[in-house]
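Order of the sequence lines sets the chain letters (A, B, ...), proteins ahead of strands, with each chain counted from 1.
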Number of protein chains: 2
Amino acid sequence: METIEQVLESKNIRVTAMRMLIYKFLVEKEVAVTLSDIENAFVKADRTTLYRTIKTFEEKVIVHQIDDGTGITKYALCEEGCNCDIKNDLHLHFHCNNCNETICLTEHKIPQIKVPDGFVSENVNLVVKGICDKCSG
Amino acid sequence: METIEQVLESKNIRVTAMRMLIYKFLVEKEVAVTLSDIENAFVKADRTTLYRTIKTFEEKVIVHQIDDGTGITKYALCEEGCNCDIKNDLHLHFHCNNCNETICLTEHKIPQIKVPDGFVSENVNLVVKGICDKCSG
DNA sequence: TAACAAATGCACTTCCATTGCACTTACTAT
DNA sequence: ATAGTAAGTGCAATGGAAGTGCATTTGTTA
Ligand SMILES: [Mn+2]
Ligand SMILES: [Mn+2]
Ligand SMILES: [Zn+2]
Ligand SMILES: [Zn+2]
């Protein structure tokens with residue numbers, strides 16, 4: 001079991017108190033979070049720091065960004081071997097219209113999408129909206 | 001060939017000069033437009049009017065909204081028989097990473113997406129990003 | 001043409017994202 | 001250990017897009 005310090009160091013990110021806390025927060029959450037979610041969890045920290053921390057995490061492929069159509073960008077931890085830096089994330093995302101949470105369905109890969117002649121597909125964003133397992137039960 | 005007045009009337013929208021101009025603008029554009037695009041095309045008109053006009057068009061199913069992941073909502077004319085009001089738009093959208101334009105691929109329907117047990121899919125947003133035909137030529 | 005409803009214009013507001021700059025903290029080389 | 005440097009943090013401010021309240025104008029209908 002890797003410690004948080006080890007995770008950060010392995011990604012060439014300087015270890016700071018704030019970064020460890022935010023990383024821990026992301027691990028414990030199972031859903032994608034907004035910057036405001038992080039803000040609310042760390043009221044004593046400055047918004048800018050949180051913002052730049054998540055941007056650093058994104059750059060270093062610790063988290064990936066999710067546009068679920070709510071208008072607010074969300075972030076979730078990358079999986080082992082995630083290559084969202086070179087290609088867009090290949091798994092699909094689910095947004096619950098009831099509890100308003102967004103989750104990664106990492107097991108569900110995006111099918112091959114055909115595009116017309118002359119078009120070149122580089123990546124695909126796919127968000128399914130509906131009712132999640134917790135809300136449909 | 002229907003006139004613009006006839007189109008608007010058939011959708012139960014009051015015909016005004018502004019609305020006819022905006023409709024004409026949308027018809028002539030083949031790509032999805034942002035509110036700013038419309039603003040730039042009609043500098044003498046007030047932003048609010050353009051905003052509310054496009055919202056009216058959306059409500060009356062003359063245009064549909066597109067979230068292409070750029071963070072700015074875009075709008076494009078609905079096709080004949082478009083049912084984007086009851087279900088999300090079924091065709092896919094293409095965003096060109098080169099010219100930054102977004103277009104409807106109305107011929108290309110979104111494939112059925114499987115979701116895990118317990119999840120209920122209500123609608124799907126699918127955006128393909130890459131190079132469009134004009135830019136790849 | 002009078003009366004009413006809807007459309008427009010102006011001024012604000014809110015929310016999220018982003019940046020510049022000063023200050024503090026962490027790493028590195030002596 | 002200490003100084004120097006690079007990176008991280010906090011504060012203040014900005015900008016863009018979306019949305020709202022209200023007064024005024026325009027269109028419709030009786
Ligand atoms: Mn994901
Ligand atoms: Mn479309
Ligand atoms: Zn739910
Ligand atoms: Zn293009």
Side-chain angles (χ1 to χ4, degrees), chain A residues 3-26 32-60 62-75 95 100 102, chain B residues 3-25 32-60 62-76 95 100 102:
Chain A
T3 66
I4 296 179
E5 281 98 328
Q6 286 169 337
V7 173
L8 296 181
E9 275 165 3
S10 74
K11 300 273 187 175
N12 289 311
I13 298 179
R14 277 201 188 176
V15 178
T16 69
M18 208 58 248
R19 288 173 175 178
M20 289 200 288
L21 286 169
I22 295 176
Y23 185 85
K24 188 161 172 288
F25 174 75
L26 291 170
V33 300
T34 65
L35 196 56
S36 298
D37 291 335
I38 305 179
E39 261 184 270
N40 294 334
F42 301 99
V43 283
K44 283 186 290 186
D46 187 77
R47 247 179 50 77
T48 315
T49 304
L50 305 175
Y51 171 74
R52 289 201 259 237
T53 300
I54 206 79
K55 285 291 159 194
T56 302
F57 282 8
E58 195 185 350
E59 217 169 87
K60 303 289 184 169
I62 282 188
V63 299
H64 61 270
Q65 202 172 323
I66 302 167
D67 172 15
D68 62 7
T70 56
I72 304 155
T73 35
K74 296 187 177 170
Y75 302 89
H95 177 77
N100 213 37
T102 298
Chain B
T3 65
I4 296 179
E5 281 98 327
Q6 286 170 337
V7 173
L8 297 180
E9 276 165 2
S10 74
K11 300 274 187 175
N12 288 311
I13 299 179
R14 277 201 188 176
V15 177
T16 69
M18 207 59 248
R19 286 173 176 177
M20 288 199 290
L21 286 170
I22 295 176
Y23 186 84
K24 187 162 172 287
F25 174 75
V33 300
T34 65
L35 197 56
S36 298
D37 291 335
I38 305 178
E39 260 183 270
N40 294 334
F42 301 99
V43 283
K44 284 187 290 188
D46 187 76
R47 251 198 58 255
T48 316
T49 305
L50 304 175
Y51 172 73
R52 288 200 260 235
T53 299
I54 206 77
K55 286 290 159 195
T56 303
F57 282 7
E58 195 184 351
E59 218 170 86
K60 303 291 183 167
I62 282 188
V63 299
H64 61 271
Q65 202 172 324
I66 303 168
D67 173 14
D68 63 6
T70 56
I72 304 156
T73 35
K74 296 187 178 171
Y75 302 89
H95 177 78
N100 213 38
T102 298

Checklist entry - Should B/Ile66 and B/His64 count as side-chain neighbours, where that means a heavy-atom distance under 4.5 Å? => result yes

Kindly give the atom pairs (protein nitrogen or oxygen, nucleotide nitrogen or oxygen) under 3.5 Å for nucleotides 25-30 of chain D.
none

Send over the distance from [X] [atom1] to [N] [atom2], rounded to a whole Å.
{"X": "A/Asp67", "N": "C/dC16", "atom1": "CG", "atom2": "P", "value": "15 Å"}
{"X": "B/Ile22", "N": "C/dT8", "atom1": "CD1", "atom2": "P", "value": "8 Å"}
{"X": "A/Leu21", "N": "D/dT9", "atom1": "CG", "atom2": "P", "value": "11 Å"}
{"X": "A/Ile13", "N": "D/dG8", "atom1": "CD1", "atom2": "C1'", "value": "13 Å"}

Next on the checklist: If you only use heavy atoms from C-beta on, which nucleotide in D/dA18, C/dT8, D/dG8 is closest to the side chain of B/Leu35?
Outcome noted: D/dA18

Checklist entry - Counting any heavy atom closer than 4.0 Å, what does B/Thr73 reach on the DNA or RNA strands: base, sugar-phosphate only, or nothing? => result sugar-phosphate

Checklist entry - Base, sugar-phosphate, or nothing: which does A/Thr56 touch, judged by heavy atoms less than 4.0 Å apart? => result nothing

To the nearest 0.5 Å, tell me how far [X] [atom1] sits from [Y] [atom2].
{"X": "B/Arg47", "Y": "B/Glu39", "atom1": "CZ", "atom2": "CD", "value": "5.5 Å"}
{"X": "A/Glu59", "Y": "A/Arg52", "atom1": "CD", "atom2": "CZ", "value": "12.5 Å"}
{"X": "A/Leu8", "Y": "A/Arg14", "atom1": "CG", "atom2": "CZ", "value": "13.0 Å"}
{"X": "A/Leu50", "Y": "A/Thr53", "atom1": "CG", "atom2": "OG1", "value": "6.0 Å"}
{"X": "A/Thr3", "Y": "A/Tyr23", "atom1": "OG1", "atom2": "OH", "value": "10.0 Å"}
{"X": "B/Asp37", "Y": "B/Lys74", "atom1": "CG", "atom2": "NZ", "value": "7.5 Å"}

Next on the checklist: Within a 6.0 Å radius of atom NZ on B/Lys24, are there more than 12 heavy atoms belonging to other residues, nucleotides or ligands?
Outcome noted: no

Item to check | Upstream residue (5' side of DNA chain D) when B/Ser36 and A/Met18 are each assigned their closest nucleotide | outcome: A/Met18

Item to check | Any N/O donor-acceptor pair, B/Arg52 side-chain to C/dG9 base, under 3.5 Å | outcome: yes

Checklist entry - Counting only side-chain N and O atoms of A/Tyr51, is one of them less than 4.0 Å from OP1 or OP2 of C/dA17? => result no

Checklist outcome for this item: Here the pair of heavy atoms bringing B/Phe57 nearest to B/Arg19 is CZ-O, 3.6 Å

Checklist outcome for this item: Within residues 40-50 of chain A, the residues having a heavy atom closer than 4.0 Å to DNA chain D are A/Asp46, A/Thr48, A/Thr49

